[in-house]
Amino acid sequence: MAIPEISVLQAWEKAGGQCECRRVSHGHIYSRCTNRLVFENRGAGTSGGWAPRYITVPAKGTAMSCEIMCLDCYNLARADEFHK
Ligand SMILES: [Zn+2]
Ligand SMILES: [Zn+2]
């Protein structure tokens, strides 16, 4: 499922160069994941690598349909869903 590029860019601006993941199952108990991300490393398996991911249940009235995740969280989130 492709995410519109404009949504990715908007989400990236909102994320401010940090992973947006808040999944408690990843150990983000007190705040969101604070992994620093580098825009040029999108999809790269290096430090600063990240990927956009659809928010499963988008909030009503927001343009944000995806969140920015570091690859660690991205892969963990994907694994989570396989178990459901
Ligand atoms: Zn993360
Ligand atoms: Zn996470």
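Counting starts at 1 for both ligands and their atoms, following the listed order. The shown structure was predicted, so the numbers you read here are calculated from the model rather than taken from an experiment.
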Student: Starting at SG of C21, measure out to CG of D72 and round the result to the nearest 0.5 Å.
Tutor: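 Spacing of SG (C21) from CG (D72) equals 10.0 Å.
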Student: Tell me which N, O or S atom of H28 sits nearest to the Zn ion (ligand 2).
Tutor: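 Relative to the Zn ion (ligand 2), the closest nitrogen, oxygen or sulfur of H28 carries the name NE2.
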Student: Regarding R53 and E20, does a basic nitrogen lie under 4.0 Å from an acidic carboxylate oxygen?
Tutor: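 No.
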Student: Answer yes or no for H26: is there an N/O/S atom below the 2.8 Å cut-off from the Zn ion (ligand 1)?
Tutor: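 Coordinating: no.
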Student: Check C19 against C70 and note the closest heavy-atom contact, atom names and distance.
Tutor: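 Answer, listing the atom of C19 first, then C70: SG-N, 3.3 Å.
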Student: Verify the neighbour count for atom CD of E13: are there more than 12 heavy atoms of other residues, nucleotides or ligands below 6.0 Å?
Tutor: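 Result for CD/E13: open.
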Student: Within the stated cut-off of 2.8 Å, is an N/O/S atom of C19 closer than that to the Zn ion (ligand 2)?
Tutor: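 Short answer: no, not a single N, O or S atom is under the cut-off.
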Student: Taking 2.8 Å as the cut-off, does an N/O/S atom of C70 lie below it from the Zn ion (ligand 1)?
Tutor: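 So C70 counts as coordinating the Zn ion (ligand 1), yes.
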